[in-house]
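A short write-up of the structure that comes next.
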2 protein chains.
Amino acid sequence: MEQSRATSKPAAAPGAPRVTRDAVLDTAMRLVRESGTEGLSMRKLAAELGVAVTSIYWHVGNRDALVDELVDRVLRDMGTIRAAGSTPADRIVSVALASRRMILDRPHLIGLVRERGLDALLMLPARRALVREFAAAGLHGARAALAVQAVQFQVAGFIMLERALTGHEQEQAAVQAWLSEVAEGGDPELAAGLNVNADPDELFEVAVRGLVESLVREV
Amino acid sequence: MEQSRATSKPAAAPGAPRVTRDAVLDTAMRLVRESGTEGLSMRKLAAELGVAVTSIYWHVGNRDALVDELVDRVLRDMGTIRAAGSTPADRIVSVALASRRMILDRPHLIGLVRERGLDALLMLPARRALVREFAAAGLHGARAALAVQAVQFQVAGFIMLERALTGHEQEQAAVQAWLSEVAEGGDPELAAGLNVNADPDELFEVAVRGLVESLVREV
DNA sequence: ACCTGAACACCGTTCAAGT
DNA sequence: ACCTGAACACCGTTCAAGT
């Protein structure tokens with residue numbers, strides 16, 4: 001797990017390593033940025049670094065560990081979320097919005113997280129701020145815990161799904177075909193609303209606000 | 001897309017096909033049930049059917065098309081959801097609960113859908129019933145469309161995330177490590193509630209009910 | 001219409017060996 | 001400590017050829 005951390009400078013000494021663990025991770029991240037998670041292979045990575053494949057294994061263990069480490073890195077590089085607004089509900093909603101923004105600003109994160117089944121980690125950035133704001137809203141103990149988790153799921157779940165609406169044309173076609181197959185009888189405006197792609201921003205805000213107001217109201 | 005549909009009986013005639021498209025799909029589904037999506041390879045599938053790999057290609061095109069077809073099949077085999085309860089909110093919540101149950105009852109569906117990025121299709125089963133019940137609750141047109149989609153996202157998103165909490169021990173460990181890293185100062189009950197795995201059933205119901213009541217209330 | 005074998009272009013991973 | 005080449009056990013897919 002924790003081999004070879006050192007060598008902060010290239011230092012062309014004779015016995016110097018040809019690559020460092022950090023260099024491996026940097027290049028891996030670049031490959032992911034350039035061609036997604038499926039563009040990242042151990043062999044390409046080695047080639048890119050001018051080194052034998054097996055050398056990669058010495059530095060990072062294996063591919064799964066590599067990807068996990070990339071996820072960790074991206075997560076660590078995310079800043080803290082600050083709530084904005086005056087009412088408790090507004091502040092909590094603002095945390096959700098900021099959290100979604102932070103994640104969408106790192107589009108490769110979703111692919112990485114997805115490949116390793118680490119979706120739940122997307123709930124993390126919002127966590128601290130949510131705990132704080134729900135406490136400020138007067139929720140405590142088990143009820144606060146439930147509220148925080150409900151919002152976390154809402155945020156992360158939405159993000160995992162929404163790219164089926166945006167981008168990803170190939171699969172979007174299949175999804176749209178399925179989703180719009182039904183003609184909603186008697187309410188053409190409803191049918192239109194369901195079949196046209198909803199604006200994800202609006203949909204997200206409506207859903208989050210609805211949930212949050214319910215959670216806060218009963219105090 | 002639609003080659004070879006015929007031959008409903010084995011019929012050991014001389015020129016009879018050695019496998020049918022349906023047989024390929026059946027066996028593929030069995031492999032998925034036995035060892036998940038990553039246990040499904042074209043070569044294993046062919047071996048299982050006693051036929052050359054290339055023959056599979058004739059019947060189903062390629063692996064992606066195969067998986068898509070399996071998703072279609074499972075989706076088609078799901079029954080219709082009927083709402084239960086007396087108040088509009090209760091009825092809508094019951095649809096969400098039933099939808100989640102139907103999907104969780106088909107655990108391989110999630111893997112299939114995930115591999116192909118067809119997550120959004122999990123929103124489908126609840127759709128018809130949601131449209132009906134929101135109409136009965138007095139929502140129409142664009143507002144109803146938004147409400148339906150908000151609940152659909154809530155349901156499908158939750159399902160995609162929750163298995164990070166249940167099962168999947170390997171990755172669960174990594175996730176839990178991350179999620180519980182923070183000690184919540186001053187509210188031990190909160191900390192406990194956040195760090196112990198929440199009961200997904202309860203969490204789901206709380207979240208859905210909160211959202212639904214907000215959506216219905218403003219009529 | 002249905003199936004075959006051969007071949008291509010990839011993968012991740014292990015291992016014994018080098019310096 | 002760091003890197004190598006060889007080898008293993010897989011993949012999905014295409015193609016020309018058979019019946």
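Quantities reported herein were computed from a predicted structural model and do not represent experimental measurements. Numbers restart at 1 for each chain; the letters A, B, ... are given by sequence-line order, proteins then strands. The basis for the numbers below is simple: all heavy atoms, side chains too, and nothing from hydrogens, waters or symmetry mates.
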Give a yes or no on whether a donor-acceptor pair under 3.5 Å exists between the nucleobase atoms of D:dG5, that is its base, and the side chain of A:Thr54.
-> yes
Starting at atom CD of A:Glu38, determine the distance to atom C1' of C:dA9, rounded to an integer number of angstrom.
-> 16 Å
Starting at atom CG of A:Asp68, determine the distance to atom P of C:dG12, rounded to an integer number of angstrom.
-> 15 Å
All stems with DNA chain D, defined as three or more consecutive Watson-Crick or G-U pairs under 3.5 Å | C:4-8 with D:12-16, C:12-16 with D:4-8
Given side-chain contact (heavy atoms from CB on, under 4.5 Å), test B:Leu49 with B:Ile56 step by step and report yes or no.
-> CA-CA 9 Å; B:Leu49 287 161; B:Ile56 305 290; 3.7 Å; yes
Which nucleotide, C:dC3, D:dT13, D:dC3, lies nearest any side-chain atom of B:Tyr57?
-> D:dT13
Salt bridge present between B:Arg73 and B:Asp22 (N-O < 4.0 angstrom) | yes
Using the P atom as the reference point in each nucleotide, state the distance between D:dC10 and C:dA9 in Å, no decimals.
-> 22 Å
Rounded off to whole Å, could you give me the CG-to-P distance for the B:Leu45 and D:dG12 pair?
-> 9 Å
Below 4.0 Å: OP1/OP2 of D:dT4 and any side-chain N or O of A:Arg18 | yes
Does the side chain of B:Arg100 come within less than 4.5 Å of B:Asp201's, by heavy atoms?
-> yes
Residues A:Glu115, B:Arg114; criterion salt bridge (Lys or Arg N to Asp or Glu O under 4.0 Å); working and verdict | CA-CA 9 Å; A:Glu115 178 182 330; B:Arg114 215 183 159 82; over 6 Å; no
Quick one: is C:dA1 close enough that its OP1 or OP2 comes under 4.0 Å of any side-chain N or O from B:His59?
-> no
Apply side-chain contact (heavy atoms from CB on, under 4.5 Å) to B:Arg101 and B:Leu104, showing your working.
-> CA-CA 5 Å; B:Arg101 271 289 139 242; B:Leu104 293 185; 3.7 Å; yes
Residues B:Arg30 and B:Glu34 bridged, charged N to O under 4.0 Å | yes
Atom-pair distance (CG on B:Asn62; P on D:dC15), nearest Å | 13 Å
Phosphate contact (D:dC2 OP1 or OP2) by A:Ser55 side-chain N/O below 4.0 Å = no
Quickly work out the A:Leu31 CG to C:dC10 C1' distance and round it to whole Å.
-> 16 Å
Where the side chain of A:Pro17 is concerned, which of D:dC3, C:dG12, C:dC3 is the nearest nucleotide?
-> D:dC3
Quickly work out the A:Arg43 CZ to D:dG5 P distance and round it to whole Å.
-> 13 Å
From the list D:dA7, C:dC3, D:dG12, which nucleotide is the closest neighbour of the side chain of B:Met42?
-> D:dG12
Could you give the CG-to-C1' distance, from B:Leu66 to D:dT13, as a whole number of Å?
-> 14 Å
What is the distance, rounded to the nearest whole Å, between atom NZ of A:Lys44 and atom P of C:dT13?
-> 16 Å
In terms of heavy-atom contacts, does CZ of B:Arg82 have more than 12 from other residues, nucleotides or ligands at under 6.0 Å?
-> no
Nucleotide of C:dA1, D:dT4, C:dT13 approaching B:Trp58 most closely (side-chain heavy atoms) | C:dA1
